[in-house]
Number of protein chains: 2
Amino acid sequence: MEGAARVIARRGVRGLRMEELAAEAGVSTALIYYHFKDRAGTLRHTLEFISDRADRYTAGEEEGAEGDARQDLEQTLLLEFQDAPEVRENSTAWGELRASAIFEPGLRADLARATLAWIHDVADLLGRIEPTIPAPELTASAERLTGLLEGLSTRWLSGALPLAHARELVSEAVALEIDRLTR
Amino acid sequence: MEGAARVIARRGVRGLRMEELAAEAGVSTALIYYHFKDRAGTLRHTLEFISDRADRYTAGEEEGAEGDARQDLEQTLLLEFQDAPEVRENSTAWGELRASAIFEPGLRADLARATLAWIHDVADLLGRIEPTIPAPELTASAERLTGLLEGLSTRWLSGALPLAHARELVSEAVALEIDRLTR
DNA sequence: GTCTATATCAGGATAGAC
DNA sequence: GTCTATCCTGATATAGAC
């Protein structure tokens, strides 16, 4: 699964070849098929693996010091923009999943669920900053912030946007949204 | 080229098969190769075609009534979110191009140029609303707005975000950015 | 310019031994 | 569980006639 994540980060979901994956993992292709049935099964397991790994990252943050809700939010959003290989692999794989879902309805359900959960988490963090704000407002802000994140993520991964600048843009967007909600 | 745009919208850049493209255009595959040399050449021509077509849409708007600069901006940004087949085809193809660029460095130059031009256009429109604002501020706002657009576009095309809601989110984002710049 | 074959090849998948 | 060897399909690309 770790090898698969690396290959996906390098070639994309649609560029993944079973042979390269096998080489990356240091086994034969036949063994991959033995464990995961076929290409689609391999992909499913890999995406699940990546999803779990991403949850692990965020988990630590949310329980963190109750100190500053706003910093928690910013921290969480900025997790996506780091130069660690695992983060890059996760972001790449998720980006691929999103892009693939446009043409493969079978992926849409999984994707929609994950996206909704993500939006809900962000809305929740926003709500902790100022508990009086009605839920629909929080959701709309969360949708804009996560939407922006996804857009900038693609730019970053394709080399069109330096990491530091991406982080600045996100921070400022957070400031704008909070400003709007608390005014 | 029109057939190619339809096929790309249906299958994605990476899912495009020369045979399906030929069938869509009502000719043989050999004829495609005769005109466009190979798959890559066909893709290049198609993307150029799509790009030109997109320019045509926006062109009309920018020269429009000098009435309300802000409305011009909002109009321009919302052009991406319409249910017309051509718009959907263009959005899909551009989204595919962006996603592909992560794995194909050869595409990055074209993409970066187009993205920069797009950001510049938006920054320009923002500048017309309030000419005293320094350029870097305008650019940052434009980067956030276009970034958001790209993120929401993917969600819309994958069926995760209704068109009307996408438009609301964009409108509100425009309001936030203008509010920020003119405060 | 356009077609009907067809060559070619990459890559997914399996058989069968160990 | 794991390998080597191989089959087979699907897709790009070309040859050669009209």
Side-chain angles (χ1 to χ4, degrees), chain A residues 1-52 89 92-93 95-108 110-111, chain B residues 1-50 52 89 92-93 95-97 99-108 110-111:
Chain A
M1 290 296 95
E2 283 165 10
R6 282 194 297 277
V7 175
I8 288 179
R10 190 159 57 236
R11 309 278 182 217
V13 165
R14 285 166 282 192
L16 176 142
R17 278 172 298 126
M18 298 302 279
E19 206 178 347
E20 182 174 5
L21 167 48
E24 183 79 25
V27 299
S28 68
T29 62
L31 189 58
I32 311 274
Y33 284 97
Y34 174 78
H35 280 294
F36 302 114
K37 172 95 175 166
D38 57 13
R39 189 182 190 275
T42 309
L43 236 39
R44 260 206 328 282
H45 277 86
T46 307
L47 292 171
E48 192 180 338
F49 168 77
I50 286 168
S51 165
D52 288 351
E89 282 169 19
T92 306
E96 275 287 289
L97 182 58
R98 284 196 301 269
S100 306
I102 296 181
F103 310 103
E104 289 174 52
L107 292 176
R108 291 187 187 179
D110 280 341
L111 181 65
Chain B
M1 290 296 94
E2 282 166 11
R6 283 194 297 277
V7 175
I8 288 180
R10 190 159 59 234
R11 308 278 181 217
V13 166
R14 285 167 281 191
L16 176 143
R17 277 173 299 127
M18 298 302 278
E19 205 179 348
E20 182 174 4
L21 167 49
E24 183 77 26
V27 299
S28 68
T29 63
L31 189 58
I32 311 277
Y33 285 97
Y34 173 80
H35 280 294
F36 303 114
K37 172 94 176 166
D38 57 11
R39 194 188 129 96
T42 309
L43 236 38
R44 260 205 329 281
H45 277 86
T46 307
L47 292 171
E48 192 180 337
F49 169 77
I50 286 168
D52 289 352
E89 282 168 22
T92 305
E96 275 284 290
L97 183 57
S100 306
I102 296 181
F103 309 102
E104 288 173 51
L107 292 175
R108 291 187 187 177
D110 280 341
L111 181 65

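Below, each value reflects all heavy atoms present in this structure, side chains not excepted, and no hydrogens, waters or symmetry copies. Protein chains get the first letters and strands the later ones, always in sequence-line order, with residue 1 at the start of each.
Side-chain contact check for B/Met18 versus B/Leu16: some heavy-atom pair is nearer than 4.5 Å.
In this structure, A/Ile32 places its CD1 atom 14 Å from C1' of C/dG11, rounding to the nearest Å. Per the geometry, OH belonging to A/Tyr34 stands 17 Å off P belonging to C/dA17, to the nearest Å. Taking atom CZ of B/Phe36 as the reference point, atom P of C/dG1 lies 12 Å away to the nearest angstrom.
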So if I define the base as every atom that isn't primed, P, OP1 or OP2, how would nucleotides 9-16 of chain D read as a B/S/- string at a heavy-atom cutoff under 4.0 Å? --SSBBB-
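Residues satisfying the side chain to side chain donor-acceptor pair (under 3.5 Å) criterion with A/Arg39, sequence neighbours excluded, are absent altogether.
Taking both residues in full, the closest heavy atoms of A/Arg10 and B/Phe103 are given as O-CD2, 3.4 Å, listed atom of the first, atom of the second, then distance. What you find for B/Arg108 and B/Ala101 is that their closest heavy atoms are NE-O, 3.1 Å.
Under 4.0 Å is where a charged nitrogen must lie from a carboxylate oxygen, and between B/Arg14 and A/Glu96 at least one such pair does.
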